[in-house]
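What follows is a single structure, written as structure tokens, with notes after it.
Chain A is the first sequence line, chain B the second, and so forth, proteins listed ahead of strands; every chain is numbered from 1.
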Number of protein chains: 6
Amino acid sequence: VELKKGLSIHLYGFERAMGKRAFCNADGDMLVVPQAGNLVIRTEMGRLHVRVGEIFVVQRGVRWAVDPAQEVAPGTRLSGYILEVFAGHFRLPDLGPIGANGLANPRDFRSPTAWFDGTRADPEDPWTVTHKFGGKLFEATQAHSPFDVVAWHGNYCPFKYDLDKFCAVNSVTYDHMDPSIFTVLTCPSEEPGTAVADFVIFPPRWVVLEGFRPPYAHRNTMSEFMGLIRGEYDAKQGGFVPGGASLHNIMTPHGPDAATWKAATAHKDQHPVKMPDTMAFMFESCYMLKVCDRALQSPSLQKDYIKCWEQFPDNFTGVHDK
Amino acid sequence: VELKKGLSIHLYGFERAMGKRAFCNADGDMLVVPQAGNLVIRTEMGRLHVRVGEIFVVQRGVRWAVDPAQEVAPGTRLSGYILEVFAGHFRLPDLGPIGANGLANPRDFRSPTAWFDGTRADPEDPWTVTHKFGGKLFEATQAHSPFDVVAWHGNYCPFKYDLDKFCAVNSVTYDHMDPSIFTVLTCPSEEPGTAVADFVIFPPRWVVLEGFRPPYAHRNTMSEFMGLIRGEYDAKQGGFVPGGASLHNIMTPHGPDAATWKAATAHKDQHPVKMPDTMAFMFESCYMLKVCDRALQSPSLQKDYIKCWEQFPDNFTGVHDK
Amino acid sequence: VELKKGLSIHLYGFERAMGKRAFCNADGDMLVVPQAGNLVIRTEMGRLHVRVGEIFVVQRGVRWAVDPAQEVAPGTRLSGYILEVFAGHFRLPDLGPIGANGLANPRDFRSPTAWFDGTRADPEDPWTVTHKFGGKLFEATQAHSPFDVVAWHGNYCPFKYDLDKFCAVNSVTYDHMDPSIFTVLTCPSEEPGTAVADFVIFPPRWVVLEGFRPPYAHRNTMSEFMGLIRGEYDAKQGGFVPGGASLHNIMTPHGPDAATWKAATAHKDQHPVKMPDTMAFMFESCYMLKVCDRALQSPSLQKDYIKCWEQFPDNFTGVHDK
Amino acid sequence: VELKKGLSIHLYGFERAMGKRAFCNADGDMLVVPQAGNLVIRTEMGRLHVRVGEIFVVQRGVRWAVDPAQEVAPGTRLSGYILEVFAGHFRLPDLGPIGANGLANPRDFRSPTAWFDGTRADPEDPWTVTHKFGGKLFEATQAHSPFDVVAWHGNYCPFKYDLDKFCAVNSVTYDHMDPSIFTVLTCPSEEPGTAVADFVIFPPRWVVLEGFRPPYAHRNTMSEFMGLIRGEYDAKQGGFVPGGASLHNIMTPHGPDAATWKAATAHKDQHPVKMPDTMAFMFESCYMLKVCDRALQSPSLQKDYIKCWEQFPDNFTGVHDK
Amino acid sequence: VELKKGLSIHLYGFERAMGKRAFCNADGDMLVVPQAGNLVIRTEMGRLHVRVGEIFVVQRGVRWAVDPAQEVAPGTRLSGYILEVFAGHFRLPDLGPIGANGLANPRDFRSPTAWFDGTRADPEDPWTVTHKFGGKLFEATQAHSPFDVVAWHGNYCPFKYDLDKFCAVNSVTYDHMDPSIFTVLTCPSEEPGTAVADFVIFPPRWVVLEGFRPPYAHRNTMSEFMGLIRGEYDAKQGGFVPGGASLHNIMTPHGPDAATWKAATAHKDQHPVKMPDTMAFMFESCYMLKVCDRALQSPSLQKDYIKCWEQFPDNFTGVHDK
Amino acid sequence: VELKKGLSIHLYGFERAMGKRAFCNADGDMLVVPQAGNLVIRTEMGRLHVRVGEIFVVQRGVRWAVDPAQEVAPGTRLSGYILEVFAGHFRLPDLGPIGANGLANPRDFRSPTAWFDGTRADPEDPWTVTHKFGGKLFEATQAHSPFDVVAWHGNYCPFKYDLDKFCAVNSVTYDHMDPSIFTVLTCPSEEPGTAVADFVIFPPRWVVLEGFRPPYAHRNTMSEFMGLIRGEYDAKQGGFVPGGASLHNIMTPHGPDAATWKAATAHKDQHPVKMPDTMAFMFESCYMLKVCDRALQSPSLQKDYIKCWEQFPDNFTGVHDK
């Protein structure tokens, strides 16, 4: 009797292929961002090979399984990020004045062709299907493979996208644009202009704007969850490692750290700069995000995060009005 | 009994101040782009000083007069372009993923403060008000000045904008964006995504995209009327002078000329380039534009315009399928 | 191959019953405002008795005939106004903050019950049906009566409304409201907030607002056609007779005459006033209205209309800025 | 300065292949319904083989040529119908309660793959391109073929559809549905629920509704242009031949002829009937259609068309109310 | 401080008239489907006699009471289904291409005329009004009857509908339509195309489609709650009795049972079939439905329901890809 | 992972200035209605002086502090009402037929100019910022003042409004309008026509309608929370004191008390009446409001509120239908 709207963010890690197991999420769609370890996805509509640097989306109700794409050395974990939305589906943003091309181009999204499993039904060695429904996990077994579709048509099907194909757009004169300009996919809310979840990336690109180049300090009406696939994020130099995550919830002030600010303001001459190879991303949402206990008690929790802003000098040289 | 929807484009030229004359357009709004000669606009809401490089908009039903801002040498004409729309009003485009800032910022539009004329009513030396209604001009005289407003409030008032404040956004990776990305103001049609008229500019900016940089050859579902305020337009090097105009109507193929294409494809190494000082603009419309006889018979008509594309080589080296 | 959108306004006058004639308008709906002479309307859905002070609407494609409700003395003409719209239909305005009641209440609109004609088909004495299509009139004869419907259901049917049932709303503090506050029926255009035609009335009501009470001088983005059914219109005292009409087209300045202005500003003490019995109305439209030759050459044309504003004094006592 | 909205209907007939000629319509899209003679369409995006019983659509601005698919015997004309729309594009109707499948299924529309012409550029034997712009035809020559595209992507491309794949839906209980239930493609107007043009077919199907089965007599708020590809139309038995056309403009009464009515009402027992092989169609529009002189003066004009309704008996047995 | 959106489904059973008790639901509207026992509903707007085969709707905030329509034999329970929605109201679906008629016709919905209770106020024998607010029940007494309205106007009033008047539409060629084609009433959600609750019926009708006729196996993005008023449901022959209920929640796979599938595929010749007298229905919702403990522990729970699909053979005769 | 939509209503009371404390609400916007004690608001955008009779709004995420505007006598509490919304922002209602002016005029809303605090950063005497996030309060300290903004632009800024500038509109003929006609600000829900919260006032105004003048008894589909700033509320004469509050939740019947009803119906002659100086207001919401324990256990709770309706006589003189 309840419709949970919203989103959930997960960090995953696993070491083995799933074998005769499959998963199905009745609650919503899942966008997966591999950070370590290339993957092969089996779905009812076919298989997808997904490299690190690509993302994939599996829709609500579709059965799928995930395996390492290559042999995995013992003790190695394949890991990454999952964005789960309980409302609608991911789609390309309306481009507005950007026009008919730019950002993620439709033709670069890839869906599988039909494929069926080679195993015959075997009641002695059944398949297990895990079904997520209403936030709980249910399990059932069946003798035959769930991956037995020999042909299909339609457009409700899993897809992948290579983030390096993103056509980034940005200021070529002055000023710092909102991160929405880097939106790859959006799951819009019913309120125009806000989103249950935006998937935004910060890819390699030319930086030519004249003026202060890092993002400015701000409070956001949306929550910002950031992750890093490779390289270095330009507003937290050295303070943010691949596989890590940061969360700035709604209306929590944040911005580049003091070191970044100092480096940026010291420059007199602003040449065009081609950013080094990096791929940071953001899950942005109009929902407030609660943090689960496991994360709060994690040894990886960066408890002195606030110190990155403590070195900002007081630059005001005017007279204080008493 | 008739509602003319659409637009009209005019080129103006004059030499003298208007004195005791005023104009009022009951048919629609007018966007004026001065190309030669700074102007002072008198309106019922006050005065605006408009330099070349700025534009101004006067709404339907507002009385106004225009004068040279400085003394004009004999034989010198002040000239420029007028875009008249018979439907709705000009407004900023919705920015979409560009976000909350960028392109023309609202705070850079300037409206006048109240001002009234110093002349007393004089039936012997009356004012003349020219009224454009239904495409025809009517004249009436009145003893007192139409510019007699001592205070006003509201938001239906003339404004000007300095094109050099435009925050241009463009590709910082690859590909050529649609010109809509340079939209300053739009007068939208009732069909989302199309416009009775878009006012688009090509301002000084960094060009960093990697690949073929000039616009590609295309047919457009909108009509393109181009003008040049200063400098040189990058897709017609030398073939387009300030004060000139070109028109490519709906679905007429066009693109950069052969010389531009050759220069662009000859480059091996594509460095960032800061475009030289230039200000071209486009009036783009979903309407087909008819050309008046006066323009077709003008000695300035460029009759050999088509030759600019004749030097394209045949590059196809495959086998023709017979 | 053409869709004429817009409206047309007619003044009618007739002396006789239509007998075996019927009319059908394929171009649009007609709203009829009788000014002299009660009427009986025959339609395919039944008969309506329409008094002066009521209005009726017959939709596009419905056959109807109109007769005097009583015997008419020789030389007497029944007359009134017709508003014809070529786009959509008339409907109640959305009331906005006015809420669930007020203005014209749905339950006060009356449609006929089925009725059929008593005459048998007679090829010797046929009926004539006049059909208006594409602005032209066509005629056809048929042996049987077009009013032969014995039962019907649906909601596409003629209706009448008694203007004295209008629940007028207005300022009970200060300021003069827009006439849209008196809208009885609207035929909206595709542009929200504007109308192909609004039918607006100025009925008997309490006037209590404190400040200047007559309408202010203005230019309107819509055309205003006014008529008077009975009594006196409060902004043109004595200058506007029942059955007359005035037209102020788009952006033409107008307002109360000088006499009305003087009377209103002379009052020191503003008591509540119950307006005397009057019923003026306005057809307001976002279209420009052309005036037909017959009206321009009519002996009733009020050629000195502009004089009503000539007596406005110059009240500005400040110093003129030279 | 003018945007002609609306539609135009043409009947075509030709005998020869177009050779080195191509056509381009800058005014709008064209939907072609071949009635006699299979066709091969050359377009910039590739070739389509279109049989009688299929339809094809070429969009505004796309160059194309049409040829007979087989050798044509001397004196034989290939003929059919063309629906040209000057507003928007054809798309599938929103299905509403019909759900996710039914009517024309998206997967049955076919677009061409890229194909280029085998001829080399030859200034001595140039191509002629006819361009329709603003209702007029313009001609230009060029040495190379306009069909020289070796690869393309996008979704603005010609398509064809086989009408026999239409999944017809209709009443399976009682009552006669509106013809909109047979809509293949629609070009919607800006007014929800009406269309610049609907393309509607009457394909072979089961008729099971209980009650009066032919369409009822009616006046329509849209214009109805009917054509017949093969077989017999069930509301005009014998009175409508393949290749013919009928037009019932807005609000013109019409319906099944007297013979059809008599046959339908004589049935006592209403078994399910599988309609014989037939394919009638309708172009339906909210615009009034003017008929060109050539059609009005055609020897094929059916001048006694009105007689088909003259045999309706007078069935009213009640007492006439005098 | 909370707005529970969604729906609730109840099965009711009672044996006695309500006497001096009345009920009022402040949370939402209730749609009642009697399955056993005709009813008389008393409401503030009047009385409705509701037979089995009819349904009725009482809106939020309206007081009502329900009694058996006839004397009830001891031990007999009147029973049926209730669908309660906490968002908006039930309305007819937009018909889309189905047009102006079909499915449930507006004129077949019946509301009561005013009626008042014959009992005088009596403080010694008061009425009890039960008020459902925020999911809880509150009780209050009052001396006078709540059914004391002598006249009313408006359109917020209870109504009933006879399901046998439903004009069913379905495929008359091939393919199986979505059940939305049988929608009687819908309570739409804020997301176009989905519903808080659809009320769908499967009435007697002709089945003529050629191909596989039972519904196909599927997962649905909406929850399906089915009930049966009379007869037999065609996808569960013998396995579903009148008064029973089944629930297939969001994304739970289901379909016709193996016996139904076998019977349907065994047919070689597919004649039109008039379905026997039956009336199944579905409450379909975009919300996930939780099942209450009482239902889970009911002795009527069909624990071996899954067995109906176990007899499906493995028909794949191709080579398994290993 | 949760988005609480809705509203919360608070009554505040305080005695001291906040000093080096600031507050920030990350959950939503707050509309404050002072009832006793003028206030000075410090915000990041500047200071506002807010008198009793004015209201102010502080948006989500803006830091602010509130102080008494004058010295406060010991034991005196400053008090008033707060309306907090967790969805969207407050805006002016669309005026509908009321037109371009009326109700609250945009130009009467006042926002602060930039102002910065005179205190220097002092780690020994830090500031405390209280942050409301997800319904919980968090505290942090910082050495420098949060009110250190020397200039700003934008439109996301606090504002105040003087309720005496409200231009009230009401019936000037007959009938009682819905209270929506007195809407000052609305925070609309996603369902057109309903609101998360409307702020409605009952200001001094002329009452001229002829008929029964107090509000009628009703059940409302929205919750009504009423407060009183000064004077007397006309539907509860003497039963409602300034600073008090009443709550009539969704679908709870209520109306003027018996004394008010008796006085209103006793009048034979209905003169225009200028209402005495009063300012009641209503927070109206489509949400059900839960009452907190503290309010339910307050000694101020009016437990015999229901008695105000017990003196209504039974006026029905017809025959009861038994």
Counterpart residues, ring-ring contact (aromatic ring centres under 6.0 Å, His included), relative to Phe56(C) (two or more places apart): Trp64(C)
From Ile9(C), Leu31(C), Val32(C), residue fulfilling side chain to side chain contact (heavy atoms under 4.5 Å, CB included) relative to Ile82(C): Val32(C)
Heavy-atom pairs under 4.5 Å with chain C, option from Gly96(F), Gly193(F), Pro203(F), Gly99(F) with the top count: Gly99(F)
Contact winner vs chain C - Pro204(F), Cys167(F), Pro93(F), Pro272(F), heavy-atom pairs under 4.5 Å: Cys167(F)
Choice from Ile98(F), Val207(F), Leu209(F) maximising heavy atom contacts with chain C below 4.5 Å: Ile98(F)
Shortest non-hydrogen contact from Ala168(C) toward Phe182(C): CB-CE2, 4.1 Å
Within-4.5 Å side-chain heavy-atom neighbours: Cys187(F) and Phe199(F): no
Which atoms of Leu103(F) approach chain C - backbone, side chain, both or neither, heavy atom under 4.5 Å: side chain
For the student: nearest non-hydrogen atoms of Pro179(F) and Phe202(F), plus distance: CB-CZ, 4.1 Å
Separation of Phe225(F) CZ from Leu83(F) CG (nearest 0.5 Å): 9.0 Å
Non-hydrogen atoms of Leu95(F) and Gly102(F) that approach each other most closely: CD1-O, 3.8 Å
Check: every donor-acceptor pair under 3.5 Å linking chain C and chain F:
{"residue": "Pro97(C)", "atom": "O", "partner": "Ser180(F)", "partner atom": "OG", "Å": "2.7"}
{"residue": "Pro97(C)", "atom": "O", "partner": "Ile181(F)", "partner atom": "N", "Å": "2.9"}
{"residue": "Ala100(C)", "atom": "N", "partner": "Asp178(F)", "partner atom": "OD2", "Å": "2.8"}
{"residue": "Lys165(C)", "atom": "O", "partner": "Tyr174(F)", "partner atom": "OH", "Å": "2.7"}
{"residue": "Ala168(C)", "atom": "N", "partner": "Thr173(F)", "partner atom": "OG1", "Å": "2.9"}
{"residue": "Ala168(C)", "atom": "O", "partner": "Val172(F)", "partner atom": "N", "Å": "2.9"}
{"residue": "Ala168(C)", "atom": "O", "partner": "Thr173(F)", "partner atom": "OG1", "Å": "3.3"}
{"residue": "Asn170(C)", "atom": "N", "partner": "Asn170(F)", "partner atom": "O", "Å": "2.9"}
{"residue": "Asn170(C)", "atom": "O", "partner": "Asn170(F)", "partner atom": "N", "Å": "2.9"}
{"residue": "Val172(C)", "atom": "N", "partner": "Ala168(F)", "partner atom": "O", "Å": "2.9"}
{"residue": "Val172(C)", "atom": "O", "partner": "Trp206(F)", "partner atom": "N", "Å": "3.1"}
{"residue": "Thr173(C)", "atom": "OG1", "partner": "Ala168(F)", "partner atom": "N", "Å": "2.9"}
{"residue": "Thr173(C)", "atom": "OG1", "partner": "Ala168(F)", "partner atom": "O", "Å": "3.3"}
{"residue": "Tyr174(C)", "atom": "OH", "partner": "Lys165(F)", "partner atom": "O", "Å": "2.7"}
{"residue": "Asp178(C)", "atom": "OD2", "partner": "Ala100(F)", "partner atom": "N", "Å": "2.8"}
{"residue": "Ser180(C)", "atom": "OG", "partner": "Pro97(F)", "partner atom": "O", "Å": "2.7"}
{"residue": "Ile181(C)", "atom": "N", "partner": "Pro97(F)", "partner atom": "O", "Å": "2.9"}
{"residue": "Trp206(C)", "atom": "N", "partner": "Val172(F)", "partner atom": "O", "Å": "3.1"}
{"residue": "Trp206(C)", "atom": "NE1", "partner": "Glu210(F)", "partner atom": "OE2", "Å": "2.9"}
{"residue": "Glu210(C)", "atom": "OE2", "partner": "Trp206(F)", "partner atom": "NE1", "Å": "2.9"}
{"residue": "Glu210(C)", "atom": "OE2", "partner": "Lys274(F)", "partner atom": "NZ", "Å": "3.1"}
{"residue": "Lys274(C)", "atom": "NZ", "partner": "Glu210(F)", "partner atom": "OE2", "Å": "3.0"}

Qualifying residue for side chain to side chain contact (heavy atoms under 4.5 Å, CB included) with Ile201(F), from Val33(F), Ile55(F), Val184(F), Leu185(F): Val184(F)
Part of Phe166(F) within contact of chain C (heavy atom distance under 4.5 Å): backbone
